[in-house]
**Q** 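What follows is a single structure, and I will ask about it in a moment.
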Amino acid sequence: MGAHEMQPDPERNDAANSAAPGGIVVGVDGSDHGQCALVWAAREAERRRRPLHIVTAYSVPIFAASGLDGGYATVDDSVIREGAEAIIQQAMDKVAGYNIAVDASVENGDASGVLLEMSETAELLVFGTRGRGGFVGRLLGSVSSALPAHAKCPTVTVPLVCSDRLGETTDDKRIRAEQAKEGHKRVENVVVVGVDGSEQARVAVLEAADQAERLGATLRIICAVPQFSGSLAWVPAPIDRQAMFDDIREQLEAGKAWLKSHYPNLPVESDVKDGSAVDVLVDASRHAELVVVGTRGRGGFTGMLLGSTSDGVLHHTKGPVMVVPDHDDPRLADRAKFGPVPGAA
């Protein structure tokens, strides 16, 4: 069992009192959504042999006073803080059986800002899709779709609908009904990564390959080709979709050869799917250990897969989704040695 340390009241503006967390950072708020994220993060910390930092955040509400005296009133934060500390203690108790080093903190401030700041030093940021109205629940909703696009490290969003695969339960009637409708689905030992031929997608592929190696899983590279309609109605000549598919497959094979040069023992598959990228990747999330996408792309193959598509996948996913921010990687330099590069001049 790893070491455990609780830091319930760090002063974030005093660097001497609180070191920036590294390793895996997970946001919790006491909700079922947060519990699923916590379990996934603890397992990941154990896989990577990295420390786990559990965080919850709150802001003290300010109310405008009504009446002749006017002005503003604030709520005593002691009760709110006690609730936050209880959530942290519950989370630490839940991961006590994992062989990892764990620490935790309660942060005073906007939850999204707190986690974005932590992403500067964290290896990975993990959170649920939504949560309660307080603490990190303010993050686990509409703001959670913005966080992956701005975080400095990869993020993993863990939806409540996959609670059963994590050994968790929920009282959420909508989720339980969806799980009953879907039935038990066997989770394949596969990491799926969506690509669009852009440099940003190749960065995501490298991160996905790292994750597949940790899991002892197969890496499955998928490119989705949507039907042309609407804004592309001006195209003057019919497009030979079969020729397009063949061209994409050729470039995917070149990409696989490049990837195998860096991961010689990793099983790698590739596939071109006919359909919307969001639909294809959401469907893959039902039975994959993890789906990986980048934050944005330039459409080397088929138009914008990354960016708006990653948002769509995050909103509808049936399993954990990793979003990888764009960054420099020296392994990208030798890609052209292995065959045609999408989008290259």
Side-chain angles (χ1 to χ4, degrees), residues 5-29 34 37-38 40-42 44-45 47-59 84 88 91-92 95 100-129 131 135-158 199-200 203-204 206-208 210-211 214 290 292-296 306-307 310-311 314 320-332:
E5 179 183 359
M6 185 171 181
Q7 299 170 330
D9 191 15
E11 294 293 337
R12 293 188 58 78
N13 59 354
D14 186 347
N17 291 345
S18 179
I24 314 297
V25 174
V26 58
V28 298
D29 66 346
L38 176 65
W40 194 95
E44 184 65 13
R47 278 191 290 266
R48 298 192 185 200
R49 299 180 181 179
R50 301 292 292 147
L52 178 67
H53 181 81
I54 306 169
V55 60
T56 194
Y58 73 95
S59 297
I88 286 291
M92 293 189 71
V95 300
I100 53 176
V102 184
D103 68 353
S105 63
V106 174
E107 306 291 343
N108 189 341
D110 178 74
S112 58
V114 166
L115 290 183
L116 282 174
E117 183 180 341
M118 289 185 173
S119 77
E120 296 274 0
T121 56
E123 184 175 317
L124 185 69
L125 205 60
V126 184
F127 43 85
T129 46
F135 311 117
V136 181
R138 293 189 57 200
L139 170 68
L140 307 183
S142 60
V143 182
S144 66
S145 63
L147 185 64
H150 299 286
K152 303 302 181 183
C153 69
T155 62
V156 171
T157 303
V158 184
E199 191 88 332
Q200 291 82 2
V203 170
L206 291 169
E207 189 68 39
D210 286 340
Q211 190 67 20
R214 292 186 198 103
L290 183 70
V292 182
V293 294
T295 51
R296 61 189 179 90
L306 310 180
S310 62
D311 287 343
L314 287 170
V321 175
M322 175 184 288
V323 178
V324 182
D326 189 24
H327 62 270
D328 293 329
D329 191 306
R331 293 173 293 181
L332 297 172

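Model, not experiment: these values are computed from the prediction.
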**Q** Looking at CD of E44 and CD of Q211, how far apart are the two atoms once the value is rounded to the nearest 0.5 Å?
**A** 4.0 Å
**Q** Give a yes or no on this: more than 12 heavy atoms of other residues, nucleotides or ligands lie within 6.0 Å of atom CZ of R49.
**A** no
**Q** Any donor and acceptor pair, going by atom type alone, linking the side chain of S105 with main-chain N or O of V55 inside 3.5 Å?
**A** no
**Q** Indicate yes or no: at least one non-hydrogen side-chain atom of V156 is less than 4.5 angstrom from one of L124.
**A** yes
**Q** Under the rule for side chain to side chain donor-acceptor pair (under 3.5 Å), what residues qualify as partners of R331, not counting sequence neighbours?
**A** Y263, D329
**Q** Could you state the interatomic distance from CZ (R50) to CD1 (I100), rounded to the nearest 0.5 Å?
**A** 12.0 Å
**Q** To the nearest 0.5 Å, what is the distance between CD (E117) and CG (D110)?
**A** 11.5 Å
**Q** Mind listing the closest non-hydrogen atom pair of V114 and A57 along with its distance?
**A** CG2-CB, 4.1 Å
**Q** Roughly how far, to the nearest 0.5 Å, is the OG1 atom of T129 from the CG atom of L314?
**A** 10.0 Å
**Q** Is there a side-chain contact between L290 and W40, using heavy atoms and a 4.5 Å cut-off?
**A** yes
**Q** Report the residue from V126, V106, V95 that forms a side-chain contact (heavy atoms from CB on, under 4.5 Å) with I54.
**A** V95
**Q** Work out which heavy atom in A45 is nearest to a heavy atom in L52; give both atom names and the distance.
**A** CB-CB, 4.1 Å
**Q** Taking all heavy atoms of C153 and all of E123, pick out the closest pair and write down the distance.
**A** CB-O, 3.9 Å
**Q** What is the minimum heavy-atom distance between V292 and A204, and which atoms define it?
**A** CG1-O, 3.8 Å
**Q** Report the distance from atom CG of D326 to atom CD of E199, rounding to the nearest 0.5 Å.
**A** 8.0 Å
**Q** Compare all side-chain heavy atoms of K152 with those of P325 and state whether any distance is below 4.5 angstrom.
**A** no
**Q** How many angstroms lie between atom CG of L125 and atom CE of M118, to the nearest 0.5 angstrom?
**A** 9.0 Å
**Q** Where do G22 and V25 come nearest, in terms of heavy atoms and distance?
**A** O-CG2, 4.2 Å
**Q** Which one of V293, V203, T155, T295 satisfies the side-chain contact (heavy atoms from CB on, under 4.5 Å) criterion with V324?
**A** V203
**Q** Considering non-hydrogen atoms only, spot the tightest contact between V26 and A41 and give its length.
**A** CB-CB, 3.7 Å
**Q** State, yes or no, whether a side-chain contact exists between L147 and T157 at a heavy-atom distance under 4.5 Å.
**A** no
**Q** A side-chain contact here means heavy atoms from C-beta on lying under 4.5 Å apart; do Y58 and N108 qualify?
**A** yes
